[in-house]
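The figures that follow rest on heavy atoms only: side chains count, while hydrogens, waters and symmetry mates do not. This is a predicted model, so every value here is computed, not measured. Every number for a ligand or one of its atoms is a count from 1 in the order of the listing.
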Amino acid sequence: MEINTTDIVIIGAGAAGLMAAISAGRAAHDAGKSLRIIALDGANTLGAKILVAGGGRCNVTHESGSANDFAGASPNAINKVLRAFSFDDTALFFRELGVELKRESTGKLFPVTDSARTVLTALLDECRRCNVEIRHPWRVESIMPIDGALRLRSSTGETLDAARVILATGGRALPKSGSDGLGYSLAKALGHTITPHVFPALAPLKLDQAQTTLCQLTGLATPATLEVRAVTGKRLHRTTGDTLITHFGLSGPAPMDVSRRLAAARFDDANAALVINWLPGETPESFDRRLLDASRNTPGRLLNERLPERLAKWICEQAHVDPKAPASGMTRQQRKDLVEAATQWPAPVTGDRGFTHAEATAGGVPLNQIHLNTMQSRHCDRLHCCGEILDVDGRIGGFNFQWAWSSGFLAGRGAVSAVDG
Ligand SMILES: Cc1cc2nc3c(=O)[nH]c(=O)nc-3n(C[C@H](O)[C@H](O)[C@H](O)COP(=O)(O)OP(=O)(O)OC[C@H]3O[C@@H](n4cnc5c(N)ncnc54)[C@H](O)[C@@H]3O)c2cc1C
């Protein structure tokens, strides 16, 4: 059996793996080390997730951010990694690769070409310039420590030994792209544990159609405030943003952002609920006052001032209120029901649409098992980890890529500093 030996192998050539490869290539050059760096990927198509990101435009990063934009590991740990390769560093990095970024009103940064291909091509070109070899499809099936190296075996029986391995296999979101969770088994084989829950983040939410007719408004989008509440009524999380009603339930930035918070809350409390305020900024009290002051105005018109007509009508239906009758004619109970339907609607969420439709993974390798200045494993000296395989997930807006760039940068540099040139 022929066994190849190399200095650094990166498993997974997605966003984090490509950044780790570039960072390693540059660090080796700067340190005057002559190292053989290989990035392996199991997929036939490289960078599938970069290409589909941001609707094909690739939301590369955000104008700024901090651990508050992420969930999973401790804020201190996340900030430490983000500081080492910041949001500004990302913008500069891509500019130097010839990818000019533009800022949208939400703070998201996209390539000016509006094409994710620009981003992927720039990363692959830079890998080439840094003498990184990319082999694919080369799916790593197993990993084991041997004397002085780690031995990787592929699904076709090939073997590769490496002095250092960077695990950048991603999580489980969009499994057809190649990130199907095998990376967790590889991490476990080298002594890591995985968080008790690994679950979809940024996933659309399904509603119980037996309990609500909301899905009949499919295609309708409106800003809304979504709140995750414990069974005690305690607010656990709140987000405001565009909410899209679909044939299965809810999609768009706000429902997707809130999905992992609801799922996490339900691990502890199966009755944790999602409550929707269709009138962001309005409280039950302020809307009640508005109805009281409305006199001859109708609830339908009042709601329609801020909401699409069909949604305004649907809200009135929930409270058994005639949208066209003067508000002054409503009973106290009708007013109470209307206030609740408009500002505190309990969405009957049965769950999310799973990894196939999720944009990220919550859970993974805990950050406290990693040295954060090099992303080196605390369980296996020869291993470094970066990207979505770690227990960090960001909200919508370019934060998941930022995590891939920051952690990938550290892992590449860290691996080089640990290898003799
Ligand atoms: C539809 C969609 C849209 C998104 N849009 C955005 C966006 O606009 N902005 C943003 O910030 N984030 C976005 N994300 C999230 C972002 O794409 C991911 O967080 C990010 O790509 C994670 O990078 P990664 O390198 O850690 O993992 P991945 O990108 O998943 O890459 C992992 C790579 O490892 C390979 N691999 C896995 N196992 C093995 C193995 N055993 N052997 C060899 N190779 C292996 C896979 O083939 C894959 O290429 C989006 C995600 C999805 C699904």
Side-chain angles (χ1 to χ4, degrees), residues 9-21 38-62 65 69-70 72 87 90 104 106 108-111 116 119-120 123 134-143 152-156 158 160 165-187 189 200-204 251 253 256 353-362 364-365 375 385-390 392-408 411:
V9 165
I10 298 134
I11 310 179
L18 291 174
M19 175 54 103
I38 302 177
L40 306 172
D41 202 291
N44 287 317
T45 310
L46 280 181
K49 227 177 252 188
I50 294 175
L51 292 177
V52 297
R57 297 196 301 135
C58 192
N59 175 199
V60 174
T61 185
H62 209 81
D69 300 297
F70 295 82
F87 291 77
T90 298
E104 299 212 327
T106 51
K108 294 178 182 179
L109 298 190
F110 290 87
V119 175
L120 180 60
L123 290 168
I134 299 183
R135 287 190 200 168
H136 77 104
W138 210 106
R139 182 171 162 86
V140 178
E141 284 287 329
S142 70
I143 186 167
L152 313 179
R153 200 176 295 274
S154 80
S155 45
T156 54
E158 283 174 90
L160 186 59
V165 167
I166 299 175
L167 194 56
T169 48
R172 291 183 55 196
L174 200 68
K176 69 174 181 197
S177 68
S179 326
D180 56 3
L182 183 63
Y184 303 126
S185 309
L186 302 178
L202 303 182
S251 191
M256 288 175 75
R353 292 193 91 202
F355 282 115
T356 314
H357 296 275
E359 291 197 0
T361 309
V365 175
M375 303 314 280
C385 299
C386 57
E388 201 172 303
I389 192 171
L390 294 163
V392 176
D393 55 288
R395 67 178 178 89
I396 282 185
F399 297 99
N400 285 299
F401 276 138
Q402 182 58 45
W403 177 253
W405 313 133
S406 297
S407 58

When you check ligand 1 against the protein, what N or O pairs turn up below 3.5 Å? List the atom names and distances, or just say none.
| residue | atom | partner | partner atom | Å |
| --- | --- | --- | --- | --- |
| ligand 1 | 5 (N) | G54 | N | 3.3 |
| ligand 1 | 8 (O) | G54 | N | 3.0 |
| ligand 1 | 8 (O) | N59 | N | 3.3 |
| ligand 1 | 9 (N) | N59 | O | 3.0 |
| ligand 1 | 11 (O) | G398 | O | 3.4 |
| ligand 1 | 11 (O) | N400 | N | 3.4 |
| ligand 1 | 11 (O) | F401 | N | 2.8 |
| ligand 1 | 19 (O) | E388 | OE1 | 2.6 |
| ligand 1 | 25 (O) | A15 | N | 3.2 |
| ligand 1 | 25 (O) | A16 | N | 2.9 |
| ligand 1 | 26 (O) | E388 | N | 2.8 |
| ligand 1 | 30 (O) | K49 | NZ | 3.0 |
| ligand 1 | 30 (O) | S179 | OG | 2.6 |
| ligand 1 | 41 (N) | V140 | O | 2.9 |
| ligand 1 | 42 (N) | V140 | N | 2.9 |
| ligand 1 | 44 (N) | G42 | N | 3.0 |
| ligand 1 | 47 (O) | D41 | OD1 | 2.6 |
| ligand 1 | 49 (O) | D41 | OD1 | 3.3 |
| ligand 1 | 49 (O) | D41 | OD2 | 2.6 |

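Counting only heavy atoms from C-beta outward, the side chains of E359 and D393 never approach each other to under 4.5 Å. Residues L40 and L152 form a side-chain contact, since some pair of their non-hydrogen atoms from C-beta on lies under 4.5 Å apart.
In this structure S154 satisfies the side chain to side chain donor-acceptor pair (under 3.5 Å) test together with T156, sequence neighbours excluded. Partners of T61 by side chain to side chain donor-acceptor pair (under 3.5 Å), not counting sequence neighbours, listed by chain and number: Q402.
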Residues 165-174 side chain polar contacts: donor-acceptor under 3.5 Å, at least two apart:
none

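Of the charged side-chain nitrogens involved, at least one lies within less than 4.0 Å of a carboxylate oxygen, so that R57 and E104 count as a salt-bridged pair.
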